[in-house]
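Encoded as structure tokens, the structure appears first; notes follow it.
Just so it is clear, the model here is predicted, and its values are computed rather than measured.
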Amino acid sequence: MQDALSRGDLESLSRFAHSCKSNCAAMGADDARLLCLNLEQAARAADTAQSTAALALLAPRLVALKAALDELS
């Protein structure tokens, strides 16, 4: 997602955020799902500043989620 944002490809960023939102929902990670929704909406609106802010909030949550999943395996 960071790469898409860095390239200014907000269309791809919106699609990635949508997929991430679905995956988070399937895992019951509602807080991360909501952050993905915010990112998806910002990217869909072509708001680079809001997309940057939304991704900054989402990224550490995804890192923490991955760490929690890694502990389960």
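- Lys21 NZ to Asn38 CG: the interatomic distance, rounded to the nearest 0.5 Å, is 10.5 Å.
- In this structure, the side chain of Ser14 does not engage the main chain of Ala43 through any donor-acceptor pair within 3.5 Å.
- Between Cys24 and the choices Leu62, Asp30, Leu35, the side-chain contact (heavy atoms from CB on, under 4.5 Å) rule is met once, by Leu62.
- Between the OG atom of Ser51 and the CD atom of Glu40 there is a distance of 11.0 Å, given to the nearest 0.5 Å.
- From Leu57, atom CG reaches atom SG of Cys36 across 11.5 Å, with rounding to the nearest 0.5 Å.
- Taking NE2 of His18 as the start and CG of Asn23 as the end, the distance is 10.0 Å to the nearest 0.5 Å.
- Here the straight-line distance linking atom CG of Leu13 with atom CG of Asp3 works out to 10.5 Å at 0.5 Å rounding.
- By the 4.5 Å heavy-atom criterion applied to side chains, Leu58 and Met1 are counted as neighbours.
- Gln2 is listed as a side-chain neighbour of Ser6, based on a closest heavy-atom distance under 4.5 Å.
- Remark: the backbone N or O of Asp70 is paired with a side-chain donor or acceptor of Ser73 at under 3.5 angstrom.
- The closest donor-acceptor contact from the side chain of Thr52 to the backbone of Thr48 lies under 3.5 Å.
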TODO: Please lay out, stage by stage, how Leu65 and Met27 fare under the test side-chain contact (heavy atoms from CB on, under 4.5 Å).
DONE: CA-CA 10 Å; Leu65 185 57; Met27 290 184 283; 3.9 Å; yes
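- The shortest distance between side-chain heavy atoms of Leu10 and Leu5 falls below 4.5 Å.
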